[in-house]
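What follows is a short report on a single structure.
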2 protein chains.
Amino acid sequence: MCSVDTARPTDDRLLGPCSYLPTEHADTVRKVLDRVGDKWTMLVVVTLRDGPRRYTDLQRAIPGISQRMLTLTLRRLHEDGLVTRTAHAEVPPRVEYALTPLSRGLLEIVAPLVDWALEHHDEISANQDRTNAASGAGGR
Amino acid sequence: MCSVDTARPTDDRLLGPCSYLPTEHADTVRKVLDRVGDKWTMLVVVTLRDGPRRYTDLQRAIPGISQRMLTLTLRRLHEDGLVTRTAHAEVPPRVEYALTPLSRGLLEIVAPLVDWALEHHDEISANQDRTNAASGAGGR
DNA sequence: CTGGATCCCACGCGATACTG
DNA sequence: CAGTATCGCGTGGGATCCAG
């Protein structure tokens, strides 16, 4: 895979397999990272992984989310082309949200990160404890 | 556990048996995603990729970051064990920050995500245009 | 040079009430 | 059921000043 060791020279053609956050694209990347780091976005995406879901269905499946945030998150996802929105003209109304190929791709990319998080979570926690102990109480 | 390789064969139901983000771990994962989605964290990490850097050096290398945020970001990274902080006892003071194996691992995991972002950025932008046009002024 | 302390605003987000 | 509208709080984060 792409190595992480040496500085690559300024390169305008960065869409190759190994391109890292050059200053020119920092904004672009941060926009995506913002979405991913968003409080609810990935949670909604993951909830939609197994198939289409209705609005209330999602709200039930994601504990703690408010109507407001569910609506906003879904709208943004839809605008980004990461979910489809299908409104069935019937009474009572039924709206179904589903992932797109794009968001499934994103899901695949993010999955390793989730794994990493679960895998190194305790390591990070341990580091935090160590740091706090070191700076807080210099040996009691 | 359910480890997923990026070089996994393209499969329609790839994330099937491996359930990510169960409710129990949602919090753990979101903590990490929060860091990654943080405005400056990944930018600092990437800037440190090529070797240790001093405080002011980082500030120069990352346009737009304030002292406050640089300090906070570095402190959090240090607490998480993602960077080392080496203070040289001399005048004027010199402090060097460097990545740890942990953060290098994270960097490798995030890299594909960055690639994905660059790769699909225009696709997302196009979707946004289409959505706006569709809802705002009855198609073009 | 390397930060810490403060002020302050903008914004994310939750709670609640209302509509088609 | 599937949203929209409004208010209010907590906090992320920039600007500025101060200190070791």
Side-chain angles (χ1 to χ4, degrees), chain A residues 26-27 30-44 47-48 52-80 83-98 131-132 134-136 138, chain B residues 26-27 30-45 47-48 52-80 83-98 131-132 134-136:
Chain A
D27 226 41
R30 210 160 55 191
K31 215 172 57 183
V32 173
L33 289 189
D34 263 5
R35 284 285 188 277
V36 172
D38 198 50
K39 188 168 184 184
W40 301 110
T41 299
M42 289 315 293
L43 225 38
V44 170
T47 306
L48 287 174
R53 293 263 206 159
R54 305 176 55 176
Y55 185 89
T56 313
D57 200 7
L58 284 168
Q59 196 170 7
R60 277 203 355 264
I62 306 174
I65 196 170
S66 60
Q67 296 99 336
R68 176 190 154 83
M69 287 322 291
L70 180 54
T71 300
L72 281 180
T73 304
L74 285 171
R75 185 189 300 164
R76 282 196 288 242
L77 284 171
H78 183 229
E79 283 172 0
D80 289 356
V83 303
T84 60
R85 181 184 184 278
T86 312
H88 301 265
E90 42 182 72
V91 179
R94 196 178 89 227
V95 180
E96 285 194 328
Y97 294 91
T131 315
N132 289 339
S135 67
Chain B
D27 226 42
R30 210 158 57 191
K31 215 173 58 185
V32 174
L33 289 189
D34 264 4
R35 282 287 187 277
V36 171
D38 199 49
K39 189 169 182 181
W40 300 111
T41 299
M42 289 315 294
L43 226 37
V44 170
V45 170
T47 306
L48 286 174
R53 293 262 206 160
R54 304 176 54 177
Y55 184 88
T56 312
D57 200 6
L58 284 169
Q59 196 171 7
R60 276 203 357 264
I62 306 176
I65 196 170
S66 60
Q67 297 98 336
R68 175 189 154 84
M69 286 323 293
L70 180 55
T71 301
L72 282 180
T73 303
L74 285 172
R75 185 190 302 162
R76 283 197 287 243
L77 284 171
H78 183 229
E79 284 173 359
D80 289 356
V83 304
T84 60
R85 181 183 184 279
T86 313
H88 301 263
E90 42 183 72
V91 178
R94 197 179 88 226
V95 181
E96 284 193 326
Y97 295 91
T131 317
N132 290 339
S135 66

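Lettering follows sequence order; numbering is per chain, from 1.
- Applying side chain to side chain contact (heavy atoms under 4.5 Å, CB included) to A:L58 and the options A:I65, A:T47, A:L43 leaves one that passes, A:T47.
- For B:R54, there are no salt bridge (Lys or Arg N to Asp or Glu O under 4.0 Å) partners, not counting sequence neighbours.
- Between chain B and DNA chain D, the heavy-atom contact criterion of under 4.0 Å yields a 5' to 3' nucleotide range of D:dG13 to D:dG20.
- A:T56 comes within 4.0 angstrom of sugar-phosphate atoms only, judged by non-hydrogen atoms across all strands, and of no base.
- In terms of the salt bridge (Lys or Arg N to Asp or Glu O under 4.0 Å) criterion, A:R75 has no residue partners (sequence neighbours excluded).
- Every residue was checked against the side chain to side chain donor-acceptor pair (under 3.5 Å) condition with B:T73, not counting sequence neighbours, and none meets it.
- Atom pair A:Q67:CD and C:dA15:P shows a separation of 9 Å (rounding to whole Å applied).
- Residues satisfying the side chain to side chain donor-acceptor pair (under 3.5 Å) criterion with B:R60, sequence neighbours excluded, are absent altogether.
- Residues that satisfy the side chain to side chain donor-acceptor pair (under 3.5 Å) test with A:T71, not counting sequence neighbours, are A:Y55.
- Residues forming a side chain to side chain contact (heavy atoms under 4.5 Å, CB included) with B:K39 (at least two apart in sequence, or on another chain): A:R30.
- With sequence neighbours left out, the salt bridge (Lys or Arg N to Asp or Glu O under 4.0 Å) criterion links A:R68 to no other residue.
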Base-contact (B) and sugar-phosphate-only (S) positions in nucleotides 5-13 of chain C, heavy-atom cut-off under 4.0 Å, - elsewhere: -B------B
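- Residue B:L58 contributes atom CG, which lies 10 Å from atom P of C:dG3 at whole-angstrom precision.
- C:dC1 atom P lies 10 Å from atom CD of B:Q59, rounded to whole Å.
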